[in-house]
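Note that the structure is predicted; figures quoted are calculated from it, not measured. First the proteins, then the strands, lettered A, B, ... as listed; each starts at 1. Side chains are part of it too, since the values below use all heavy atoms of this structure and drop only hydrogens, waters and symmetry mates.
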Number of protein chains: 2
Amino acid sequence: MKSGYTDQYNTRNKMYVATDCIVFGFDEDGLKLLLFKRKVKPDEGKWSLIGSFVELEEDVDDAARRVLKEITGLEDVFFEQSYTYGKAERDPGYRCISIAQFALIRINDHDRELVKNYGASWHNIESVPQLVLDHDRMVRDAFQKLRDRARRRPIGFELLPEKFTIPQLQQLYEAIYQRKLDSRNFRKKVISLKVLEKLEEKDKTSSKRGAYLYKFDHDNYLKLQESGINFEI
Amino acid sequence: MKSGYTDQYNTRNKMYVATDCIVFGFDEDGLKLLLFKRKVKPDEGKWSLIGSFVELEEDVDDAARRVLKEITGLEDVFFEQSYTYGKAERDPGYRCISIAQFALIRINDHDRELVKNYGASWHNIESVPQLVLDHDRMVRDAFQKLRDRARRRPIGFELLPEKFTIPQLQQLYEAIYQRKLDSRNFRKKVISLKVLEKLEEKDKTSSKRGAYLYKFDHDNYLKLQESGINFEI
DNA sequence: TTATTTTTTTGTAAATTTTACCTCAATTTA
DNA sequence: TAAATTGAGGTAAAATTTACAAAAAAATAA
């Protein structure tokens, strides 16, 4: 029998549940990941995903929301479960299972000050440093899932500002799929899906000619989804 | 502060982690689900998925393997994570998150005696009784996932005996997708994927004429997968 | 002001994939 | 041996995907 005292301080003597967030963002420079430099031992100074233990009275999803709010300042972030990591030995410090969530944010919406204060920063998806524990694996799995999801559902739009151009959308998909797409075919396909609303305005910031801005038409998307469309690009 | 005594007996005062298995099987009568009639309170006598708490020193996957072995007698069952249910109030008895796993078994391989002794039984997917807690939801989600998976990977084969006929395979896919498929197109498609090995033998049990038996060619499948095939049917 | 440069926008033909649809073959049983 | 049942196989039309190049719009340089 273990004493009450031991129980209280032995962090491998009880189950912990955590949630870790794989936060994707997108801007001119491509697809990025929000990482956090650990300030406490063990692994002080190493890069890590952002995460937290789930409180006893807290929904797992709410824990993810809390973490995302705390670090990015954003509420209503799009996120979805990626995978649950449950190896007994995955964390030497705690007997802890972790529910990984992948989150998509509009990189320009978030609170840069807050991120900085937390010792977090954005890393291009192609140059992610080594991470603590099984977080490398989490990133690989989540990126895979992002690719999967983007193929079936228009979640790419969560990463773009409300108004965006078709070339921007294409760059995003190229970053997600990690390959070049034909611009004629891309445009044709994406317009054929009828979930884009063309605006009068043009965006002149990223080209000389300027490109028409579009909005994503959520309502129309929902209608189409009911009648069984697929968003394969 | 709560006393040690309360801590020990208050099952909502600590985190529990469970795994629940959504076990699919397939036979002449269609797609089925393995359910279990609870023998203990609360909800004694109600139908439930099979599951267990995850032990402190146990991988989550191993817990699922343990449960599956215990009830079906089978080792090496195919299973995959479905979703993790983490609402604080999902189980009134425990503060418990549950990692749902969907499992596919060859219904004729399992130990019928064992299943019976455990008070478990097979239920056609179209007439699943009401289940305890959020298990209805788990079944819906897992069935959705099964449909998804079957579309991209040849996991349907996990549900069939080693040797099977094309009409059997078609019946399976019809049960999974819950719609009729055209037999000419189905045959054409499935053969074009080049993952079936035609045998000399015929199965005469399910038709007068008898149908050729096939084996699933795992190696070939892996090769094809590397070169980027998709298994959409 | 004109030429150059850069980026957006648009169409079409060929190839591939999906869909719709029916007849004959093999065997059992009446 | 006739009837009934289920398996096996092909083709044409439709839809989708792929490959591919030239013109339009605007800023900048000459």
*So, is Arg187(B) close to the dA8(D) phosphate, meaning a side-chain N or O under 4.0 Å from OP1 or OP2?*
yes
_Rounded interatomic separation in angstrom, taking CZ from Phe186(B) and C1' from dG9(D)_ = 16 Å
_Of Asp182(A) and Ser206(B), the one whose closest DNA chain D nucleotide lies more 5'_ = Ser206(B)
*Heavy-atom donor-acceptor pair, Lys189(A) side-chain to dT18(D) base, under 3.5 Å*: no
*What's the closest nucleotide to the Lys188(B) side chain, out of dG11(C), dA20(C), dC21(C)?*
dA20(C)
*Please state how far atom CD1 in Ile233(B) lies from atom P in dT17(C), giving the value in whole angstrom units.*
15 Å
What does the list of N/O pairs under 3.5 Å between the protein and nucleotides 27-30 of chain C look like, with a distance for each?
from	atom 1	to	atom 2	distance (Å)
dT27(C)	O3'	Lys208(B)	O	3.4

*Separation of Leu213(B) atom CG from dA8(D) atom C1', in whole Å?*
15 Å
*List the steps and the verdict of side chain to side chain contact (heavy atoms under 4.5 Å, CB included) for Phe231(B) and Ile233(B).*
CA-CA 6 Å; Phe231(B) 199 77; Ile233(B) 287 194; 3.9 Å; yes
*In whole Å, what is the span from the CD1 atom of Ile166(B) to the C1' atom of dT6(D)?*
14 Å
*Roughly how many Å is it from OH in Tyr212(B) to C1' in dA25(C), rounded to a whole number?*
11 Å
_Rounded distance in Å - CZ (Phe231(A)) to P (dT17(D))_ = 13 Å
*May I ask you to decide whether Asp141(B) forms a salt bridge with Arg137(B), counting only side-chain N to carboxylate O separations under 4.0 Å?*
yes
_Just by distance, no angles: are the side chains of Asn185(A) and Lys188(A) close enough, under 3.5 Å, to form a donor-acceptor pair?_
yes
*Give the rounded distance in Å between these two atoms: CD of Gln170(B) and P of dG7(D).*
9 Å
_Tell me the closest heavy-atom pair linking Phe102(A) and Arg149(A), and the distance in Å._
CZ-CG, 3.8 Å
*Centres of the Phe157(A) and Tyr221(A) rings: under 6.0 Å?*
no
*Gap between atoms CG and P, on Asn185(A) and dT12(C) respectively (whole Å)*: 14 Å
*Given the side-chain rings of His123(B) and Trp47(B), with only the six-membered ring counted for Trp, is the space between their centroids under 6.0 Å?*
yes
*Counting distance only, does the side-chain N/O of Glu162(A) pair as donor-acceptor with the main-chain N or O of Lys215(A) below 3.5 Å?*
no
